[in-house]
Amino acid sequence: MKTIFYLITFICFAIAIIFGGEYLYNANYADNSETTASQKKISNDADNKNVVKTNEAKITENTNSTDQTNSIKSKAKTDNKVIIEKTPPHFSAGFDWSLPPNTQITKNSGLIAEEGHNPAVVNNRFVIVRWDESNPRKGQYNFSKLEATLKRIAPQQALIRLEVNSTCEAPKWALKSLRRTKHKSLIYWDKSYMDLTASYIQNFAKRFAANPQIIGVQLGLADGEFGEAANSCNDYDNKQGWGEFWMSPAERQEVENQFGFSPDVFTQATIANIDIYANAFGVHKNKLAFTNIGTLFTYGEGSDPYNQNLKTIAKYALDKGLGNRDGAIERWMSYTDKIYGSVFTAMPDGSCRLDVDEQYMRNLEGRYWGTENEFYGNKDYVIRDVGPVKNHPYQFMISSLRALQMRRNVMTISNMREINHVDYKTQEFLKYLMLTMGKQYQDTPDAFVLMGERYIAPYRLADQMDASCVNSQKDKVAVRSFGRWLTESPHNTQIENQPALKVQMPKSENYWYQGYYLPEGIDYEYSARSAKQFSFDLNDQLSQSRCKNGCNVEIKATFKDTIKTKLHIQVLEGVSSQIQTMGDNKTKTVTFTVKSELHKQLQDSVLGFDPKTDLILFSENKPIPLILMRINLLDSPVN
């Protein structure tokens, strides 16, 4: 009889598999045989290396509670399909910057530095070309020094800065025809300046514009100051101007009074200089990095007409097909103007989500689109401006993620070789940056969103007043998240969801360089948000082009382990296994490995999941402070 009973049971089980198509799952995790076996092994053997990657991880045992099963089924309308996990969830200490193994550096992208940086994480170099050295006599050009440098650094690529803005770097034969300020900045709106530099730029472009080893050439005007003293040209360490196209009020007053400078002259002469470079570089003008497309050319009384005209100049440069290289991304909540593609999305609670205009960014593809992130290390002027070295790993991480969000494909760094942090993993992060800069949705290895709450003075957002979360605020605009191809769903504001992990940026430390945009009376930001569930939306173009047949992905949530709870994720296809936190107050990343289409959106009339939810992270017991959510696309194509 037992034999007949077992035979009938086996036949019924086989029929259920054939016609049911998928295993059922319960509230704790997808109950397939592989996962169940793995979790039983964890219970019996805490050293199972295929399942638990750190001793901190503890996977909960399987329970078959009918009440819990019904509860999870009520949380979202899904097909009740099992997520097939390659491995159950696991923890790693600190941030996890790992990427899919097939990730390659994007052409003409990555990190830039001068001498002394590790080539394993810095793949480009910054090279200066002096006008006096390479054009020593009228009509004679000698770029042998640059050629030797390119040969020496190969296969690394180079960003070039032509030093054509100061008397200290101009050839003696040319100085006879050039006017200059008392601090030795050349008068770039003079016809003589444009005639002399045009010939030089044309000869440079003829030799190097098509060279694939050169990824960018800075186009900077004015800002050539060395100092007023006669011997200041010999004091390069105290050079004050870098051809970055801006003027101090004192310099502007000088050139207005003595050299005929005005807003109209400013506009006309700048456009004329842009044309000189663009015509010389021809089809390679996408390599030209105009050094200021922002909203500030100068400041102080009388500055408004210049700053208004800068918008016209910036639009002209971009419409012409040029790229851009700005600096000071160390102020991570600056660069919020529309010229950078920034979009402020109002959330239901009145806070802002900082997004980007995806179509605008696609129009910039193929151009040099760089920034600088350099104020780090123990030099006195760095500490004076951005605060103590102990803060620099955090500052570098936040500002660099902002650069990625802005789709910067190249970033210049400095003094990062010795900086590291047990949680932020700075040196691993540098490699992550090198591999992720310049990606498009077609080839990106990951998507991320950074959580928290960061504040901007409303007057800094003058051209974003069409966003209700901006124009309704008098004292401060709260930015709750920003990311690249991954965004918070509006549902996050319809549940208890609060800023968490306060980061103090005191006046005694110069507000960590953030005083430019911080509202009055605020010297802090929050680096996380605390909730029991978090909903996210993956960019539709990315998911629909990459995940139509399902994506193998690693979903990585970095959080502060402040309480004991159980975490799991949910997508349309089902839920993941749960994992038990420790409540040890350490920063950790939990990784869920699943397969999902990620563009079939979760909706639920009871809990209010909106149509822009592709992924939900749950904490079973209490809220957790979530810092970063990241998705690795394991099937991402090789570049």
Side-chain angles (χ1 to χ4, degrees), residues 99-100 102-112 123-124 157-160 209-219 274 277-278 281-294 314-326 329 335-343 354-372 400-412 432-448 482-487 538-547 633 636-639:
L99 290 165
N102 59 353
T103 306
Q104 302 294 321
I105 298 172
T106 300
K107 182 180 178 182
N108 298 334
S109 298
L111 298 177
I112 294 178
N123 59 310
N124 302 298
Q157 295 176 296
L159 168 65
I160 306 296
N211 188 329
Q213 198 177 355
I214 293 178
I215 60 172
V217 177
Q218 291 184 190
L219 198 175
I274 288 172
Y277 279 84
F281 276 74
V283 297
H284 303 289
K285 60 188 176 183
N286 59 302
K287 292 185 177 184
L288 292 171
F290 192 63
T291 56
N292 187 355
I293 62 168
K315 185 178 185 304
Y316 183 85
L318 295 183
D319 288 348
K320 195 82 173 176
L322 276 62
N324 167 246
R325 194 242 73 194
D326 271 308
I329 193 64
Y335 297 117
T336 51
D337 307 298
K338 291 183 178 180
I339 192 72
Y340 296 106
S342 297
V343 175
L354 180 53
D355 299 330
V356 297
D357 183 332
E358 294 291 345
Q359 184 58 54
Y360 184 87
M361 292 304 178
R362 283 193 291 275
N363 292 339
L364 299 172
E365 188 175 351
R367 307 184 196 195
Y368 188 99
W369 195 248
T371 191
E372 291 182 335
S400 296
L401 290 174
R402 184 70 215 292
L404 286 180
Q405 191 226 12
M406 293 173 66
R407 305 298 196 268
R408 294 302 192 182
N409 52 20
V410 185
M411 186 166 73
T412 304
Y432 168 84
L433 290 171
M434 179 183 72
L435 291 171
T436 55
M437 300 201 82
K439 298 297 184 185
Q440 304 296 323
Y441 72 87
Q442 303 95 323
D443 64 352
T444 183
D446 78 336
F448 73 84
F482 65 82
R484 188 167 78 159
W485 295 305
L486 188 64
T487 55
L538 186 64
N539 175 268
D540 290 344
Q541 286 188 306
L542 189 158
S543 61
Q544 291 174 17
S545 66
R546 302 277 295 277
C547 299
L633 299 159
S636 58
V638 178
N639 292 1

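Basis for what follows: all heavy atoms, side chains included, without hydrogens, waters or symmetry-related copies.
Ser342 places no side-chain N or O within donor-acceptor distance of the main-chain N or O of Lys338, the cut-off being under 3.5 Å. Judged by distance alone, the side chain of Asn124 and the main-chain N or O of Ser109 form a donor-acceptor pair under 3.5 Å. Side-chain N or O atoms of Thr444 include none that pairs as donor or acceptor with a backbone N or O of Tyr441 at under 3.5 Å. Distance alone, capped at 3.5 Å, places no donor-acceptor pair between the Lys439 side chain and the Pro445 backbone. Between the side chain of Gln213 and the backbone N or O of Ala158, no donor-acceptor pair lies under 3.5 Å.
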Which is it for Tyr360 and Val343 under the side-chain contact (heavy atoms from CB on, under 4.5 Å) test, yes or no, and what are the steps along the way? CA-CA 11 Å; Tyr360 184 87; Val343 175; over 6 Å; no
Run the side-chain contact (heavy atoms from CB on, under 4.5 Å) check on Tyr368 and Lys287 step by step: do they pass? CA-CA 5 Å; Tyr368 188 99; Lys287 292 185 177 184; 5.5 Å; no
Could you please spell out the steps behind the side-chain contact (heavy atoms from CB on, under 4.5 Å) verdict for Arg484 and Asp446? CA-CA 9 Å; Arg484 188 167 78 159; Asp446 78 336; 3.9 Å; yes
Apply the test side-chain contact (heavy atoms from CB on, under 4.5 Å) to residues Ile214 and His284: give CA-CA distance (whole Å), side-chain angles for both, the deciding distance (0.1 Å), then the verdict. CA-CA 11 Å; Ile214 293 178; His284 303 289; over 6 Å; no
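By the ring-ring contact (aromatic ring centres under 6.0 Å, His included) test, Tyr340 is found to be paired with Tyr335, residues two or more places apart in sequence or in another chain being considered. Listed by chain and residue number, Glu358 satisfy the salt bridge (charged side-chain N to carboxylate O under 4.0 Å, His left out) test with Arg407 (two or more places apart in sequence, or in another chain). Residues passing the side-chain contact (heavy atoms from CB on, under 4.5 Å) test with Ala447, sequence neighbours excluded: Trp485, Leu486, Leu538. Looking at residues two or more places apart in sequence or on another chain, you find a side-chain contact (heavy atoms from CB on, under 4.5 Å) between Lys320 and Asp275, Ala278, Tyr316, Leu322. Under the side chain to side chain donor-acceptor pair (under 3.5 Å) criterion, Ser400 pairs with Asn373, sequence neighbours left out. Arg325 is linked by a side chain to side chain donor-acceptor pair (under 3.5 Å) to Gln218, Glu244, Glu372, counting only residues two or more places apart in sequence or in another chain. By the side-chain contact (heavy atoms from CB on, under 4.5 Å) test, Asn363 is found to be paired with Gln359, residues two or more places apart in sequence or in another chain being considered. Contacts of Asn409 classified as side chain to side chain donor-acceptor pair (under 3.5 Å), with partners at least two apart in sequence or in another chain: none. When the side-chain contact (heavy atoms from CB on, under 4.5 Å) test is applied to Thr487, the partners found at least two apart in sequence or on another chain are Arg353, Asp355, Asp537. Legend: residues meeting side chain to side chain donor-acceptor pair (under 3.5 Å) with Asn292, ordered by chain and number and at least two apart, are absent. Residues that satisfy the ring-ring contact (aromatic ring centres under 6.0 Å, His included) test with Phe290, not counting sequence neighbours, are Phe245. For Asp540, the salt bridge (charged side-chain N to carboxylate O under 4.0 Å, His left out) criterion is met by Lys612, not counting sequence neighbours.
Expressed to the nearest 0.5 Å, how far CD1 of Ile274 lies from CG of Leu318 amounts to 9.0 Å. Thr336 contributes atom OG1, which lies 12.0 Å from atom CZ of Phe482 (distance to the nearest 0.5 angstrom). Of the inter-residue distances, the one linking Glu365 atom CD with Gln442 atom CD reads 6.0 Å to the nearest 0.5 angstrom. Rounded to the nearest 0.5 Å, atoms CG (Leu633) and CG (Leu99) are 10.0 Å apart. Note: Asn108 CG to Gln157 CD = 5.0 Å, rounded to the nearest 0.5 Å. Taken from OG1 in Thr103 to OH in Tyr432, the straight-line distance is 10.0 Å, to the nearest 0.5 Å.
Between Arg362 and Gln541, the closest side-chain pair of non-hydrogen atoms falls below 4.5 Å. In this structure the side chain of Thr106 never reaches within 4.5 angstrom of the side chain of Gln440, judged on heavy atoms. Between Val356 and Met406 there is no side-chain heavy-atom pair separated by less than 4.5 Å. Side-chain atoms of Asp326 and Arg408, non-hydrogen and from C-beta on, do get closer than 4.5 Å to each other. By the 4.5 Å heavy-atom criterion applied to side chains, Asn324 and Ile339 are not counted as neighbours.
Heavy atoms only, all atoms of each residue included: Gly366 and Asn286 are closest at O-ND2, 2.8 Å. Residue Met434 comes nearest to Asn123 through the heavy atom pair CG-OD1, 3.5 Å, listed as atom of the first residue, atom of the second, then distance. Residues Gly110 and Met437 approach most closely at O-SD, 3.6 Å, considering heavy atoms. Residues Val217 and Leu159 approach most closely at N-CD1, 4.0 Å, considering heavy atoms.
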